[in-house]
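All ligand and atom numbering here is 1-based and tracks the order in the structure. Keep in mind that this is a model prediction, so the values were computed, not measured.
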Amino acid sequence: MRLSKSLVPTLKEAPAEAEVPSHVFMVRGGYLRKVAAGVYSFLPLGWRVIQKIQRIIREEMNRAGASEVFLPAVVPAELWQESGRWDKYGAQLLRFKDRKGGDFVIGPTHEEVIVDLVRGDVRSYRQLPLNLYQIQTKFRDELRPRAGLMRGREFIMKDAYSFHVDQKDAEREYHVMYGAYERIFTRCGLGFRAVEADTGAIGGSMSHEFQVLTETGEDLLVACDKCNYAANVEQADNRIGDLRDRALPPATEAIAKVATPGKGSIEDVSAFLKLSPTRFVKTLIYLADGKSVAVLVRGDRQVNEIKLKRALGAGELVMAGEAGVREVTGAPVGFAGPVGLKIPVYADFELRALADFVVGANEVDMHYRGVNAGRDFTPAAFGDYRQAAPGDPCARCESGTLQSHRGIEVGQVFFLDRKYSVPMKATFLDADGHEKPMVMGCYGIGVTRIAAAAIEQNHDKDGIIWPTPIAPYEVALLSLQGDDPALKAVCDKLYADLEAAGIEVLYDDRDERPGSKFKDADLIGIPLRVALGKKGLAEGVVEVKARRSPEVQKVKIDDAVAFVTERVRAERR
Ligand code: ATP
Ligand code: MG
């Protein structure tokens, strides 16, 4: 592509709202323009990146035996009502009415549509298994769209759904997809890790997320330094050991009320009482399906709301606000404690190893010391309610310690079981003529998010450094003096010959100064740069430089096409 004939509007400055490198460089590099919050137009370079990612995904999905379909983005509400998600999905679901007053949604995922399709046309075990996928625009009315393509409201997803006669076959397919995902992200040039994951609003019971590891990732992950256990902290198990049924430790102190004037946070009270936060117990008040409950974790720990919600079997779990806390404890936030509370108290397993701790006294500026579970209050249950943290012992192996990482979720595989097939009556006849619900899996990839994640992992201060397989072009050809006819003739020929050799070339034939061409090339991030100016022409050489390395190589003009072709081919996957 000739830069002079396309739309690659590079910018010196990024918009103020762009905080992460992928967002900054995609806007500055002329890949992307914002249309509304979380809604973007892809310019020619941006769209090529997306198409390359899509091609890799298609090749690997087809290779894994899946078939591509294309479902509508606009979905009638009836299907969502049938699955029960119409009421459950919440404000992320974009709902609207057509001119006749019928309710519709723009699909944030497509389980309902695909189940409706398959139940209509698949009747017999002979037609199973089946794996159907699409690459399509989704809409989720995210509360905080941010970081450009990382969390858009409109974004492109690859979503696949598989249908099986039984769980065993669904599990087989889960592993097939897991393998396909490993190949897809490897081919995209990403450094990633598969981690155990929560199943969220989609549901089901077995899931892995594919996380691109980078500092700017939104997700917090833990991984064992000895075994291969890795999980999103939302999901990560804690090593419980014998805490489940160990006897409570004996109390050695009497309970005593202490004044802690103006000290509500654990840090403040622990500094004031000169006791480590591990001697404190935090009391958090939640509303589980509207009913108040108290949850206790050690002072240095965080509650894992996803695990808590699951353990309580609650449909909805939210923290009680200021007023809710005051109502159940009689005190402002910061002074809640389990002693004397009239609501159920759920204590994290770690409290079974703790005696004589400090809690809020349900009274402003007051705490209790020397508190003991069993003696001073009775938990409704002990459970695993806390969030795993770096430094914790691994829950899977005997000797490992958890390390923390940050990641960007680029894909997720789910075992869905019969979550949709039962309510939506997607059944088949087995070999004995019995009608059974199909067992399902679903598999998503954030196509547009991959582009952002790749940049987060591959950039420097000057711009993007694309992995070749998803770069918009493989080679940037810079004609350094666009107005020189002799130079232009040689560059035009190089361009034509490289294209003829099957190399994708971005040809900077604009009438710009060499300095700004080099700057733009670095910003745009094409993996290999070939530059030719009048001086090189006199010497008979082009300058070849990989975006990733500072080294510049002089190559004879006559050898340039062969040299570049070989370099590019070595980088393709
Ligand atoms: P997240 O936890 O990041 O909100 P999710 O787990 O809700 O994502 P899934 O339902 O698993 O998302 O969707 C499949 C894939 O689609 C995700 O792995 C992610 O890569 C991508 N994706 C989801 N939401 C967005 C978004 N708002 N913008 C861009 N990509 C997204
Ligand atoms: Mg997900």
Checklist entry - Which of the atoms in ligand 1, numbered in the order shown and given with their element, are less than 4.0 Å from a heavy-atom of Leu149? => result 29 (C)

Item to check | salt bridge (charged side-chain N to carboxylate O under 4.0 Å, His left out) against Glu504, all qualifying residues, sequence neighbours excluded | outcome: Arg48, Lys52

Checklist outcome for this item: Contacts satisfying ring-ring contact (aromatic ring centres under 6.0 Å, His included) that involve residues 441-472 (not counting sequence neighbours) are Tyr31-Trp466

Item to check | Check: Glu456/Thr216 side-chain N/O donor and acceptor closer than 3.5 Å | outcome: yes

Checklist entry - Numbering the atoms of ligand 1 from 1, which are under 4.0 Å from a heavy atom of Met157? => result 13 (O), 14 (C), 16 (O)

Next on the checklist: Working note: Tyr178 + Phe210, criterion ring-ring contact (aromatic ring centres under 6.0 Å, His included); need CA distance, chi angles, decisive distance, verdict.
Outcome noted: CA-CA 9 Å; Tyr178 189 107; Phe210 288 77; 5.2 Å; yes

Item to check | Sub-4.0 Å heavy-atom contact, Thr448 with ligand 1 | outcome: no

Next on the checklist: Consider salt bridge (Lys or Arg N to Asp or Glu O under 4.0 Å). Of Arg119, Arg85, Lys419, which one does Glu112 pass it with?
Outcome noted: Arg85

Checklist entry - Of all the atoms in ligand 1, which lie at a distance below 4.0 Å from a heavy atom belonging to Met150? => result 28 (N), 29 (C)

Checklist entry - Of all the heavy atoms in Asp159, does at least one lie under 4.0 Å from an atom in ligand 1? => result no

Checklist outcome for this item: Within a strict 2.8 Å cut-off of the Mg ion (ligand 2), protein N/O/S atoms tallied 2

Checklist entry - What residues, two or more places apart in sequence or in another chain, satisfy salt bridge (charged side-chain N to carboxylate O under 4.0 Å, His left out) together with Asp462? => result none

